[in-house]
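Take a look at the structure set out below.
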Protein chains: 2
Amino acid sequence: MAEKIKRIRRTAEEARRIILDAASQRLAALGPEGIRLQDIANDVGISHPTILHHFESREGLVLALTQRATEQLRAELFAAFAGRHARDTDMHPILDRVFDVLSRQGHARLIGWMILSGAIRQSPEQGLLRDLTDLIHPMRVEESKARGMPAPERDDTLFIVMLGAVAAFGDGLFGPMVRRAAGVTDEALTAERFRAWFAELLRSRILPAAQ
Amino acid sequence: MAEKIKRIRRTAEEARRIILDAASQRLAALGPEGIRLQDIANDVGISHPTILHHFESREGLVLALTQRATEQLRAELFAAFAGRHARDTDMHPILDRVFDVLSRQGHARLIGWMILSGAIRQSPEQGLLRDLTDLIHPMRVEESKARGMPAPERDDTLFIVMLGAVAAFGDGLFGPMVRRAAGVTDEALTAERFRAWFAELLRSRILPAAQ
DNA sequence: ACCATTATCTACAATTCTGACAGCAAGTAA
DNA sequence: TTACTTGCTGTCAGAATTGTAGATAATGGT
């Protein structure tokens with residue numbers, strides 16, 4: 001009964017988008033083995049040569065994936081920090097957002113896969129953390145001065161930022177395992193409380209409570 | 001001129017060991033795509049069916065790999081903490097050892113790959129971090145009491161331990177990327193200084209300096 | 001010296017994955 | 001309508017990978 005098949009014809013841009021969506025979803029969910037042209041094509045509802053048509057090759061797909069993922073991550077992280085002023089010292093909502101992007105949305109897993117598979121060679125977040133450091137540090141210096149305390153080194157601020165990044169990524173990928181190893185019962189609740197605790201730790205390090 | 005080839009016959013145990021060595025090395029270095037029976041066999045200098053002979057299947061190899069890796073990691077972490085007394089509060093050598101195991105020896109990458117590929121489902125470090133917490137916490141309580149300060153919550157200790165774990169794993173896998181994003185010039189030196197800084201941060205949180 | 005065991009090899013089968021190619025169909029413009 | 005572009009598909013080929021089968025040789029025990 002071979003039905004006459006209605007082909008869905010998308011714009012090239014739209015097609016690339018949904019293909020990349022499916023690919024990144026598969027990667028974050030299924031891991032290293034989850035990126036087969038056939039499977040991705042099935043998820044999207046197209047034939048696998050269509051993917052090759054849009055991305056030249058499997059490698060082209062991976063490349064486009066890494067580029068888009070890093071751009072998205074950068075945008076989301078910028079959004080998390082957008083609108084905040086230097087004096088706004090409540091790290092909790094920011095960190096919550098960052099952790100959410102990295103863990104719930106699977107970016108940490110995705111980036112992790114990219115690092116492992118070597119798909120990520122050139123600096124992806126080119127300077128993002130440096131910019132962040134340069135945003136926070138003057139505020140700390142000013143605040144310290146106002147309190148008559150010695151100004152912190154820039155490296156101290158840099159390390160705070162790096163710790164935030166490493167812990168956020170680490171939590172996104174290794175978090176569930178770590179919590180199991182810690183023998184916690186309520187995974188989600190512990191994750192949430194840990195984030196709050198960590199946010200407070202960072203805050204207190206950035207701006208110690210007035211003596 | 002087909003030379004008569006001298007076969008090297010190992011004990012089953014020894015053969016398994018060198019195969020697993022090669023496999024984990026390939027995995028940590030080349031990432032997800034680096035674990036092909038043929039390649040591993042070449043590294044070891046054997047034919048690939050030999051691997052199947054010892055591990056039944058590729059999946060069996062991966063399983064054995066995960067088991068051995070988690071056991072090794074557990075052993076190395078225990079070793080890092082062994083011989084330390086509760087009052088010994090210098091975190092630096094311990095953390096150095098932990099970071100070294102995770103980053104230089106590639107365990108973080110290995111475990112990361114396992115998490116991503118779903119090879120790690122059952123709790124691997126079963127209770128390791130809980131045990132660690134139970135080791136540190138009484139010390140903190142006692143010390144606080146001696147100083148006439150309020151005793152810390154157990155969760156605070158737990159979170160410190162979790163932060164150490166998450167940051168150590170995160171640094172092992174994402175560290176290089178984070179440092180690039182932070183725009184550091186001397187990667188190795190910054191990594192080393194960051195560890196020292198982090199160790200001091202943990203120490204000060206575990207046992208605040210006497211007022 | 002002989003035998004049993006088994007670690008190892010060569011050769012081959014089966015599956016799967018990427019990629020090539022030619023043609024079809026869905027829009028668009030003349 | 002006609003022609004043209006291009007997103008999309010079906011089919012096939014080549015390569016690579018896992019796994020099988022039978023032969024071979026190293027080792028330990030008798």
Side-chain angles (χ1 to χ4, degrees), chain A residues 1-27 29-66 113 116-119, chain B residues 1-27 29-66 113 116-119:
Chain A
M1 291 273 221
E3 281 291 329
K4 196 152 204 186
I5 302 151
K6 255 266 164 57
R7 291 191 186 175
I8 303 172
R9 187 191 177 94
R10 283 158 271 249
T11 66
E13 195 183 9
E14 171 74 1
R16 288 173 62 97
R17 197 182 59 75
I18 60 176
I19 290 170
L20 288 177
D21 284 347
S24 67
Q25 205 174 332
R26 260 201 118 71
L27 257 185
L30 285 323
E33 334 275 331
I35 189 172
R36 275 167 249 253
L37 297 187
Q38 199 64 258
D39 298 339
I40 299 172
N42 283 345
D43 286 357
V44 179
I46 59 178
S47 66
H48 89 266
T50 300
I51 300 180
L52 293 171
H53 170 70
H54 286 289
F55 296 96
E56 304 292 325
S57 65
R58 181 203 139 100
E59 194 182 331
L61 171 66
V62 171
L63 190 67
L65 193 59
T66 64
W113 174 84
L116 284 175
S117 63
Chain B
M1 292 271 230
E3 281 289 331
K4 196 150 202 187
I5 301 151
K6 256 268 168 41
R7 290 188 188 176
I8 303 171
R9 187 191 176 99
R10 284 160 270 251
T11 65
E13 194 182 10
E14 171 74 359
R16 288 175 61 98
R17 196 182 60 76
I18 62 177
I19 291 170
L20 288 176
D21 283 348
S24 69
Q25 205 174 332
R26 258 200 122 69
L27 204 55
L30 285 321
E33 333 278 330
I35 187 171
R36 273 162 244 246
L37 298 187
Q38 198 65 258
D39 298 340
I40 298 172
N42 283 345
D43 285 358
V44 179
I46 59 177
S47 66
H48 86 267
T50 299
I51 300 180
L52 292 171
H53 170 71
H54 285 289
F55 296 96
E56 303 293 325
S57 66
R58 181 203 138 101
E59 195 183 330
L61 172 65
V62 170
L63 190 67
L65 195 58
T66 65
W113 176 83
L116 283 176
S117 64

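Every chain is numbered from 1, with letters handed out A, B, ... down the list of sequences. Only a predicted model underlies this, so the values are computations on that prediction, with no experimental measurement involved.
- Atom CG of A:Leu65 and atom CD1 of A:Ile19 lie 11.5 Å apart (nearest 0.5 Å).
- Within 4.0 Å (heavy atoms only), B:Thr11 reaches no atom of the nucleic acid at all.
- For the pair B:Ala41 and B:Ile51, the tightest heavy-atom approach, listed with the atom from each and the gap, is N-CD1, 3.8 Å.
- With a 4.5 Å cut-off on side-chain heavy atoms, A:Ile46 and A:Ile40 do not count as touching.
- Sorted by first and then second residue, the salt bridge (Lys or Arg N to Asp or Glu O under 4.0 Å) pairs with a member in residues 14-26 of chain A read A:Glu14-A:Arg17, A:Arg17-A:Asp21, A:Asp21-A:Arg68, A:Arg26-A:Asp39, A:Arg26-A:Asp43; sequence neighbours excluded.
- Distance check, rounded to the nearest 0.5 Å: CD1 of B:Ile35 to CD of A:Glu33 gives 8.5 Å.
- Rounded to whole angstrom, the span from the CD1 atom of A:Ile40 across to the P atom of C:dG19 amounts to 12 Å.
- Qualifying side-chain contact (heavy atoms from CB on, under 4.5 Å) partners for B:Ser57, counting only residues two or more places apart in sequence or in other chains: B:Glu59.
- Across residues 13-22 of chain A, A:Ala15 each have a non-hydrogen atom less than 4.0 Å from an atom of DNA chain D (numbered order).
- Considering NE2 of B:His54 and CD1 of B:Ile18, their distance stands at 8.0 Å, rounded to 0.5 Å.
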Please list each protein N or O that sits under 3.5 Å from an N or O in nucleotides 13-17 of chain D, with the distance.
unit_1, atom_1, unit_2, atom_2, d
D:dT17, OP1, B:Arg36, NE, 3.4
D:dT17, OP1, B:Arg36, NH1, 3.0

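- In this structure, A:Ser117 contributes its side chain and A:Trp113 its backbone to a donor-acceptor pair below 3.5 Å.
- The CZ atom of A:Arg7 sits 14 Å away from the P atom of C:dG23 (whole-angstrom rounding).
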Hey, mind stepping through B:Leu61 and B:Leu52 against side-chain contact (heavy atoms from CB on, under 4.5 Å) and telling me if it holds? CA-CA 8 Å; B:Leu61 172 65; B:Leu52 292 171; over 6 Å; no

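- Applying a 4.0 Å cut-off to non-hydrogen atoms, the residues of residues 41-54 of chain B that approach DNA chain D are B:His48, B:Pro49, B:Leu52, listed by residue number.
- We find the CZ-NE2 distance between B:Arg36 and B:His48 to be 13.5 Å, quoted to the nearest 0.5 Å.
- Proximity of A:Leu63 to A:Phe55: side-chain heavy atoms (C-beta onward) are nowhere separated by under 4.5 Å.
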Between protein and nucleic acid, restricted to nucleotides 3-5 of chain C and to nitrogen or oxygen atoms under 3.5 Å apart, what atom pairs and distances do you find?
none

